[in-house]
Amino acid sequence: MLLSRPAPDVAPDLLGSLLSANGVTVRIVEVEAYAGTGEDPASHSHRGRTPRNVPMFGPPGTLYVYFTYGMHWCANVTCSPPGEASAVLFRAGEVVDGLELARSRRGRVSDRDLARGPARLAQALGLDGAATGTSLLDGAGPASLRLGVPPDPVAIRSGPRVGVATAADVRWRFWLAGEPTVSPYRPHVPKRRR
DNA sequence: ACGCAGATAATCT
DNA sequence: GATTATCTGCGTG
């Protein structure tokens, strides 16, 4: 499994891989691809380098964790050659190790919901801004990614990305068919100011 | 099951 | 000043 490819190619191959951090391991069942500068209006790197998205420009296998909606963290792995700033968002997974730890971080929710959604997944893994920019591959950082054998294409479904306003026709969300821990789809809803 | 509103603050224009 | 790669709780059916 090679990460040095465009995000939409890498993303489906990441399904089934194991993401570990801070004593919890999650089997990834849902991801989204975000392309690089000038290629994808929904990508944080669309308009080039900013203080926040610096990790996206790092080498493939870099962890990019960002803060959003005033309270949530979301985790990505960068791919493509260094400098292209494309990434794959870890959207959902099944907790396969460190169950008690994940439960204590997530509060009173069902086991199915422990990592069902990008912010829930990051919380279950104890990931926040302190981990961004570290490598998922060199074993030195707080998180590591164990790549698996790419799943049979027959088991993969795709659709538009969740909560994305632009490029709604692009089907860069990928998930494993029949997995209960795949997050529900929600279209983007513009906020009405009050 | 589904739909909506509120929370809450960094980031970018 | 507007937007946001979201989640939770509460309403209705």
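A note on names: the letters A, B, ... follow the listed sequences, proteins ahead of strands, and every chain is numbered from 1.
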Select base, sugar-phosphate, or nothing to describe what [X] touches, counting heavy atoms under 4.0 Å on all strands.
X: A/Ala42; answer: base
X: A/Arg106; answer: sugar-phosphate
X: A/Arg52; answer: sugar-phosphate

Kindly point out which of [options] is positioned nearest to the side chain of [X]?
X: A/Met71; options: C/dT6, B/dA9, B/dA7; answer: B/dA7
X: A/Pro51; options: B/dA9, B/dC12, C/dT6; answer: B/dC12
X: A/Phe67; options: C/dA5, C/dT8, B/dA10; answer: B/dA10
X: A/Ala165; options: C/dC7, C/dT4, C/dA5; answer: C/dT4
X: A/Val162; options: C/dT6, B/dC12, C/dA5; answer: C/dT6

Same cluster or not: [X] versus [Y], using hydrophobic residues (I, L, V, M, F, W, Y) connected whenever any side-chain heavy atoms lie under 4.5 Å apart?
X: A/Val31; Y: A/Val10; answer: yes
X: A/Val170; Y: A/Trp175; answer: yes
X: A/Leu14; Y: A/Leu63; answer: yes

Does [X] place a side-chain N or O at less than 4.0 Å from the phosphate oxygens OP1/OP2 of [N]?
X: A/Thr50; N: B/dC12; answer: yes
X: A/Arg186; N: B/dG3; answer: no
X: A/Arg120; N: C/dT8; answer: yes

Under 3.5 Å, is there an N or O donor on one side and an acceptor on the other linking the side chain of A/His188 and the base of C/dA5?
-> no

Check whether the side chain of A/Tyr69 and the base of B/dA9 form a donor-acceptor pair under 3.5 Å.
-> no

Expressed in angstrom and rounded to an integer, what is the separation of [X] atom [atom1] from [N] atom [atom2]?
X: A/Arg108; N: C/dC7; atom1: CZ; atom2: P; value: 20 Å
X: A/Asp128; N: B/dA9; atom1: CG; atom2: C1'; value: 15 Å
X: A/Leu89; N: C/dA5; atom1: CG; atom2: P; value: 10 Å
X: A/His72; N: B/dA9; atom1: NE2; atom2: P; value: 12 Å
X: A/Tyr66; N: C/dT4; atom1: OH; atom2: C1'; value: 9 Å
X: A/Leu114; N: C/dC7; atom1: CG; atom2: P; value: 13 Å
X: A/Tyr185; N: B/dA1; atom1: OH; atom2: C1'; value: 18 Å
X: A/Arg47; N: C/dA2; atom1: CZ; atom2: C1'; value: 13 Å

A/Phe174 six-ring centre to A/Arg157 NZ/CZ under 6.0 Å and within 45° of normal | no

Answer yes or no on whether A/Arg161 is positioned over the face of A/Tyr185, meaning its NZ or CZ is under 6.0 Å from the six-membered ring centre and within 45° of the axis.
-> no

Test item: A/Thr78 side-chain N/O and A/Pro59 main-chain N/O as donor-acceptor pair under 3.5 Å | yes

Residue pairs meeting ring pair (Phe, Tyr, Trp, His ring centres under 6.0 Å), one or both in residues 72-117 of chain A, sequence neighbours left out, come to A/Phe67-A/Trp73

If you link ILVMFWY side chains whenever their heavy atoms are less than 4.5 Å apart, which other residues fall into the same cluster as A/Val54? By chain and number, please.
-> none

Which ranges of DNA chain B pair up as stems, where a stem means three or more consecutive Watson-Crick or G-U pairs with both distances under 3.5 Å?
-> B:1-7 with C:6-12, B:9-12 with C:1-4

